[in-house]
Protein chains: 2
Amino acid sequence: MNTLFKALNDETRREILNLLKEKDLTAGEIAAAFDISKPSISHHLDLLKQANLVSSIKKGQYVVYSLNTTILEEVMQWIMHLKN
Amino acid sequence: MNTLFKALNDETRREILNLLKEKDLTAGEIAAAFDISKPSISHHLDLLKQANLVSSIKKGQYVVYSLNTTILEEVMQWIMHLKN
DNA sequence: CTATTAATTAGATATTTGTCTAAATACTTA
DNA sequence: TAAGTATTTAGACAAATATCTAATTAATAG
């Protein structure tokens with residue numbers, strides 16, 4: 001839960017998730033969408049991966065990232081639990 | 001959204017919300033539940049208030065805190081939007 | 001093979017955050 | 001009104017975080 005909320009607690013990372021919602025993207029394509037250096041984006045992607053919010057697959061020299069919505073159930077349930 | 005996720009990104013604050021789920025509590029009662037100084041808890045409560053996750057009312061020399069679940073809808077919707 | 005492209009790792013740095021103690025404010029009660 | 005209790009504010013400090021540039025790793029193409 002900690003890792004999850006930590007990953008979600010950043011505007012850039014939340015925006016990355018929104019981009020990946022539309023379609024899978026390479027690290028470079030993601031970086032191109034922001035005014036932030038590639039290493040920084042790489043770091044954000046790492047945190048998102050640690051939280052299981054995205055997964056990645058190496059395709060040749062590219063790394064393709066995908067959104068993983070499954071883990072969002074946990075956040076939903078945490079919130080639901082609070083609401084009762 | 002930023003303020004909300006920021007407030008949720010801390011174990012102590014999440015635990016405070018869980019305590020308030022059961023019943024309203026004074027600042028002192030909340031502080032008593034943790035091994036953290038009162039000023040620190042006060043600061044946590046402030047962040048939760050900024051995020052509208054709790055509200056407070058002064059009752060004599062006490063300040064009673066309550067959980068505000070309404071704002072959680074926003075988190076829910078943000079997540080739901082990502083899941084489609 | 002060597003050069004190029006994609007991505008990550010390393011290391012540095014400024015900012016943010018959580019925590020503390022001490023002091024201030026607000027209310028109650030003797 | 002003076003003393004005591006509840007809470008917050010102020011200021012300091014260590015740890016965590018987001019960012020950068022430079023260097024490294026991995027894969028492709030000439």
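Sequence lines set the chain letters: A, B, ... in the order given, protein chains first and strands last, and positions in each chain run from 1. The model shown is predicted, which means the values in this text are computed figures rather than measured ones.
- Counting only heavy atoms from C-beta outward, the side chains of A/Met80 and B/Met76 approach each other to under 4.5 Å.
- Atom pair A/Asp46:CG and C/dA6:P shows a separation of 21 Å (rounding to whole Å applied).
- Rounded to whole angstrom, the span from the CZ atom of B/Phe34 across to the C1' atom of C/dC20 amounts to 17 Å.
- Atom CZ in B/Arg13 sits about 8 Å away from atom P in C/dT19, given to the nearest Å.
- Closest contact between the side chain of A/Lys6 and the listed nucleotides D/dT17, D/dT19, C/dA10 involves D/dT17.
- Taking only side-chain atoms of B/Tyr62, from C-beta outward, the nucleotide of D/dT7, C/dT19, D/dC20 with the closest atom is D/dT7.
- Remark on DNA chain D: of its neighbouring residues B/Lys49 and B/Asn9, the 5'-side contact belongs to B/Lys49, judged by nearest-heavy-atom nucleotide.
- Taking only side-chain nitrogens and oxygens, B/Ser40 never comes nearer than 4.0 Å to OP1 or OP2 of C/dG18.
- For B/Ser37 and C/dT19, the shortest distance from a side-chain N or O to OP1 or OP2 is not below 4.0 Å.
- Heavy atoms of A/Asp10 sit under 4.0 angstrom from primed sugar atoms or phosphate atoms, though from no base atom.
- For B/Lys58, the side-chain atoms get nearest to C/dA26 when compared with the rest of C/dC20, D/dA18, C/dA26.
- Regarding B/Ile36, its CD1 atom lies at a distance of 13 Å from the C1' atom of C/dT17, rounded to whole Å.
- Using a 4.5 Å cut-off on side-chain heavy atoms (C-beta onward), B/Tyr65 and B/Ile16 make no contact.
- B/Asp24 and B/Ser66 share a donor-acceptor pair across their side chains, judged by distance under 3.5 Å alone.
- The side chain of B/His43 contributes no N or O atom lying less than 4.0 Å from OP1 or OP2 of C/dC20.
- Heavy-atom nearest nucleotides on DNA chain C were determined for B/Gly60 and for B/Leu47, and the one closer to the 5' end corresponds to B/Leu47.
- Across the protein-nucleic acid pair, A/Glu11 atom CD and D/dT19 atom P stand 11 Å apart, rounded to whole Å.
- Minimum heavy-atom separation, B/Lys21 to A/His81: CE-O, 2.7 Å.
- B/Gln61 has its CD atom 14 Å from the P atom of D/dG4, to the nearest Å.
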| task | Tell me, with the steps shown, if A/Ser56 and A/Lys49 meet side chain to side chain donor-acceptor pair (under 3.5 Å). | result | CA-CA 8 Å; A/Ser56 68; A/Lys49 254 173 79 167; 2.9 Å; yes

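- Within the structure, every side-chain polar atom (N or O) of B/Tyr65 is placed at least 4.0 Å from both OP1 and OP2 of D/dA6.
- The side chain of A/Ser42 places no N or O atom within less than 4.0 Å of a non-bridging phosphate oxygen (OP1 or OP2) of C/dA7.
- Here C/dA7 presents its P atom at 13 Å from NZ of A/Lys59, a figure rounded to the nearest Å.
- Residue A/Thr26 has a polar side-chain atom (N or O) positioned under 4.0 Å from OP1 or OP2 of C/dA7.
- Comparing B/Val64 and A/Ile41 along DNA chain D, the residue whose closest nucleotide (by nearest heavy atom) sits nearer the 5' end is B/Val64.
- Note: A/Leu4 CG to A/Trp78 CH2 = 11.5 Å, rounded to the nearest 0.5 Å.
- Summarising the geometry, the separation between NZ on B/Lys38 and C1' on C/dA24 is reported as 15 Å, rounded to the nearest angstrom.
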